[in-house]
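In what follows, a structure is listed as structure tokens, so that the remarks can point back to it.
Throughout, protein chains are lettered first and strands after them, A, B, ... in sequence-line order, and every chain is numbered starting at 1.
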Amino acid sequence: MNLQEIKTIVTEILTDKLGISETEINFESTMKDLGADSFDEVEIILELEHKFGISIPDDIIQEVQNIESLCIYIEKQITESKKTI
Amino acid sequence: MIINIVTDYIPDIVIPNAYFFANYGITKEEIISKSGITQRRRTKAGENTNTMAIEAVKKAFFELPFPLNEIDLIIGATYTPYDTVGTIAHAVQKQFNICNAKCFSIGSSCSSFINVIEIVDCYFANKKASKALIVVSENNSAYNDISDKTSGFLWGDGASAIFISNERCSDDDLEVLDINTTGLGHIGKSTDAVYLRPNDSGIKMPYSKNVFQYACTYMIQETEQILYKNGVPLNQLNYFIPHQANARITDFVAKKLNLQPSQVLTNIELYGNTGSASTPIVLSQNWNKFKQNDTIVISVFGGGYSSGAILLKKL
């Protein structure tokens, strides 16, 4: 799965969870910028874990700078999980 | 193993969300948005973990499945004890003069109820006991730092008494079809996420997001596994009782399990997080709703961490 495909899925999850339109999503934004509270962030992480079949620590949201970085992190995790298999 | 009757005791004093706005500036909208809680109950002067457990037992007096003096096992569960030496189980044994019972209390925070059921199952299987009384009681208000803006508004007080035997006693019985518990001290923030330490200003939850994440993950997993193991499809499950930690957690778990609102039994809106007593209180409050052959799953997650589930069937 390439970065663009990951971004498409992340966009779907963010629009569904936060009730915003695709056009409102700027990948330079943080989830908080998009209106997520702390539990929304966790729920989004859980959705991402389920969708991509990877494990994401809850504190990753503090570590990544924005949604772009989160997508890159997911891409890396997917690649590493394939190596493990 | 049969659950013959479950009762509950909820203290009278209501603490509405307005209390937290008046004293700490937290709006009711903020509390509802973070937790779904509109009010919680707390003990009055003279009430404590033990007295609530005793009151819960008294509520069963008119429908006792077996005489109290036939009880041969009393187990208590709480993380908010009135006395850490003479435990809640001993207080009940003393109050009702139950002479021939083994007696002890355990603690595995909010998952304790399922842990106790599993222990009773082992005692029954080894023929060490045949009639058990479980008392689960939380006096969070005695420990809670109510000024803690992160979690001070979450907690409520309450207790439940559960009578269990290895045989049917009435048409109201619930059969325990399966039980599972899982220790999770090795994952996430575990022992640092929620804690209650002596001389350390009450219950603290510095890693609520970590708790949220693992509570959702494991309550879903425990539920799916126990249903799969017992050949019960999710769409045939009649009722689901999640640990009443936070309505955001129960809503998320129910959604991921594709459950309808009518399948999910809760009381957190009115009673807050009553810890290990939360699920048996919900079970008690919905006891008359269950019909023959109904299946019920109780799924819990506790600080520390630990998780568990139980599958019940109305006989």
Handout entry: Exceeds 12 heavy-atom contacts within 6.0 angstrom, atom CD of E29(B)
Key = yes

Handout entry: Heavy-atom closest contact (F39(A) atom, R248(B) atom, distance)
Key = CB-NH2, 3.2 Å

Fill in the blank from the handout: Rounding to 0.5 Å, atoms SG (C216(B)) and CD1 (I45(A)) come to a distance of 11.5 Å

Problem - Crowding at CD, E63(A) (>12 non-hydrogen neighbours, <6.0 Å) - result: yes

Handout entry: Residues, nucleotides or ligands: over 12 heavy atoms within 6.0 Å of K256(B) NZ
Key = yes

Completion exercise
Correct closest heavy-atom pair for E43(A) and F212(B) would be OE2-CZ, 3.5 Å

Practice task
Check whether more than 12 heavy atoms from other residues, nucleotides or ligands sit under 6.0 Å from atom CZ of F27(A), and answer yes or no.
Solution key: yes

Practice task
Quick one: pull up CZ in F252(B) and CD in E47(A) and give me the separation to the nearest 0.5 Å.
Solution key: 4.5 Å

Exercise for the section: Inspect the surroundings of OH in Y195(B) and state if more than 12 heavy atoms from other residues, nucleotides or ligands are less than 6.0 Å away. Expected result: yes

Handout entry: Distance in Å, Q213(B) CD paired with L46(A) CG, rounded so as to fall on 0.5 Å steps
Key = 5.5 Å

